[in-house]
Amino acid sequence: MSIEIRIENIADYVGQQVTIKGWMYAITRKGKLIFVRLRDGSGMTQGVAYRPEIGDELFEEIKRLGQESSVIMTGTVRENGRAPGLPKGYEVGIESVQVIQNVQNFPITPKEHGVEFLMDNRHLWLRSSQQWAILRVRATIKKAMIDFFDDNGYINIDTPIITPSAAEGTSNLFEVGYFDEQGYLAQTGQLYSEATIMAFGKVYCFGPTFRAEKSKTRRHLTEFWMMEPEMAYCDLDELMQIEENFVNYILKTVIEKRRPELELLGRDISILENAVGTYPRISYDEALAMLADIQEKTDDPARKKELDIEWGDDFGSPHETELTKQFDKPVFVYGYPSQVKAFYMEPWPDRPEVCKSVDLLAPEGYGEIIGGSERMSDPEALLAAIHKHELPEEAYKWYIDLRLFGSVPHSGFGIGLERAVTWICGIDHIRQTTAFPRTINRMYP
RNA sequence: UCCUCAGUAGCUCAAUGGCAGAGCAUGCGGCUGUUAACCGCAGGGUUGUUGGUUCGAGUCCGACCUGAGGAGCCA
């Protein structure tokens with residue numbers, strides 16, 4: 001009697017007859033011998049059919065199968081060092097095959113394809129081993145993010161997706177009709193979390209966020225998931241410690257649970273192992289000095305020009321890239337000029353032109369993955385900041401209230417799930433880190 | 001919005017201004033250890049659209065469309 005199994009557990013069934021329900025990923029026909037690579041969602045393994053053993057009728061039926069045919073395969077599991085798969089080293093000696101649907105002309109072949117073609121066929125591309133591996137890593141990172149906060153006394157409080165105004169004032173938001181009013185899709189839940197910490201102490205919100213900016217780069221999506229923890233009675237130093245513990249936990253969890261997927265992606269895991277630990281903390285001023293030094297030593301004139309920056313400017317991509325190349329771990333840069341950051345950040349004591357903000361920059365040129373800050377806690381200063389940024393005061397009445405009724409020092413940060421996945425998987429484009437990416441010129445499929 | 005590059009068979013790409021090609025995929029045949037197998041045969045084309053230059057345009061010029069990468073903005 002055969003046992004129905006999932007391929008990820010195949011090692012437990014050597015010598016036993018098993019049944020696997022899946023899809024045919026690839027087939028190699030060699031005369032009287034056929035290799036069928038079958039995937040079932042949990043992994044991939046190889047079925048072997050030898051004509052004299054299984055008979056002409058079954059052999060011919062298998063031989064005619066096209067890529068991505070859905071089949072139920074039964075046979076005996078055996079170890080074989082030559083067998084590819086995930087896990088590799090195991091294969092199934094085919095005894096019977098039930099064809100659910102024989103497919104011909106599956107568009108995505110095991111050869112090279114262009115980006116546009118693959119994105120048009122994203123619904124089918126997801127079956128490819130690399131895309132499968134990336135999304136499994138994503139699921140693990142997402143769960144690790146949630147577990148970290150759930151296990152450390154945080155309460156998950158969801159924030160609204162439809163909001164009445166721009167939370168941070170500047171970015172372009174997607175407009176949504178809200179009966180006879182104008183609503184917007186949320187770009188952050190942070191301001192609402194600042195309200196909920198005053199009720200629950202430590203909270204996080206984790207959901208989709210939306211940016212209508214016309215960014216057209218390998219780092220941008222218009223819809224992405226953001227984990228945003230917020231903590232009462234927490235200052236900038238404590239914030240950085242929490243971020244460090246958090247990133248360490250995610251890295252350790254992924255390295256432990258998704259090693260085969262990372263290997264399949266060709267990720268150098270030693271780089272990730274090395275990124276676990278204590279992260280350097282440098283100030284914006286120190287970062288600026290480092291950049292000046294790097295610029296000094298650069299020979300390429302175009303590169304030299306790209307690195308031009310003056311105090312008060314935000315870092316561009318070239319600056320972040322060069323800066324992170326100086327470290328083999330993520331690096332904190334804190335104390336940015338207030339003028340390049342959002343209105344709600346706490347000013348530095350005795351240095352009002354600087355704010356208590358911190359970005360965590362990932363190594364290998366991946367750049368900013370976390371942005372956070374200590375929030376302004378004084379009502380007068382907050383009101384002044386709202387006026388300075390020309391934001392509508394009445395829309396922020398509730399937000400100012402938080403500083404009038406038991407205001408405390410508090411901090412929080414946001415991490416983009418897809419950017420974290422891009423870095424940890426070591427891939428070159430964010431669009432592969434979500435099943436159906438939304439970018440500036442793509443809503444299909 | 002700006003800069004750069006690209007668009008030719010289902011897919012990936014060739015083609016000095018002079019006959020529209022290859023590999024993969026598909027179909028048929030061969031092969032007992034494949035890993036993007038290999039060997040043979042076959043079918044497969046409105047060269048993104050449009051206007052122009054030319055005896056002749058996939059190729060040169062203009063406009064437009066679509067996509068990619070980057071800048072800015074951001075996670």
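Every chain is numbered from 1 and lettered A, B, ... according to where its sequence line falls, protein lines coming before strand lines. These figures come from a predicted structure and were not determined experimentally. Values reported hereafter were calculated over all heavy atoms of this structure, with side chains retained and with hydrogens, waters and symmetry mates removed.
Contacts of Gly367(A) with the nucleic acid, taken as non-hydrogen atoms under 4.0 Å apart, are absent. Backbone-only engagement by Gly316(A) is indicated by non-hydrogen atom pairs under 4.0 Å involving sugar-phosphate atoms exclusively. Backbone-only engagement by Ile369(A) is indicated by non-hydrogen atom pairs under 4.0 Å involving sugar-phosphate atoms exclusively. Here Phe117(A) lies in heavy-atom contact (under 4.0 Å) with sugar-phosphate atoms only. Residue contacts for Lys30(A): at a heavy-atom cut-off of 4.0 Å it reaches a base atom on one of the strands shown. Across all strands, Glu91(A) comes closer than 4.0 Å to base atoms (heavy-atom distances). Among the atoms of the strands shown, none is found under 4.0 Å from any heavy atom of Ala26(A). Heavy atoms of Leu417(A) sit nowhere under 4.0 angstrom from any nucleic acid atom.
Evaluation of atom-type donor-acceptor distances gives a pair under 3.5 Å for the side chain of Gln46(A) against the base of rU34(B). Donor-acceptor pairing under 3.5 Å, judged by distance alone, is present between the side chain of Lys216(A) and the base of rA68(B). No donor-acceptor contact under 3.5 Å links the side chain of Gln104(A) to the base of rG27(B).
The aromatic ring of Phe35(A) is not stacked on the base of rG33(B), since the criterion of ring centres less than 5.5 Å apart with planes inclined by under 30° is not met.
For Thr217(A), the side-chain atoms get nearest to rG70(B) when compared with the rest of rG70(B), rU12(B), rC74(B). Out of rU34(B), rG67(B), rC74(B), the shortest distance to the side chain of Arg211(A) is found at rC74(B). Distances from the side chain of Arg29(A) to the nucleotides rC31(B), rG72(B), rA75(B) place rC31(B) closest. Among rA75(B), rG30(B), rU35(B), the nucleotide with an atom closest to any side-chain atom of Pro84(A) is rU35(B). Each of rC74(B), rG33(B), rG69(B) was ranked by its minimum atom distance to the side chain of Arg431(A); first place goes to rG69(B). Set against rA75(B), rA25(B), rC74(B), the side chain of Leu221(A) has rA75(B) as its closest nucleotide.
Aromatic ring centroids of Phe149(A) and Phe206(A) lie 6.0 Å or more apart. The aromatic ring centroids of Tyr154(A) and Tyr204(A) lie 6.0 Å or more from each other. Tyr284(A) has its ring centre less than 6.0 Å from the ring centre of Phe315(A). Residues Tyr399(A) and Tyr192(A) place their aromatic rings such that the two centres sit no closer than 6.0 Å.
Between Met226(A) and Arg78(A), it is Arg78(A) whose nearest contact on RNA chain B lies nearer the 5' terminus. Nearer the 5' end of RNA chain B, as judged by each residue's closest nucleotide, is the contact made by Arg218(A), out of Ser215(A) and Arg218(A).
Under 4.0 angstrom from either OP1 or OP2 of rA25(B) there lies no side-chain N or O belonging to His113(A). Of the side-chain N and O atoms in Asn80(A), none sit less than 4.0 angstrom from OP1 or OP2 of rU34(B).
There is no side-chain donor-acceptor pair under 3.5 Å between His429(A) and Thr433(A).
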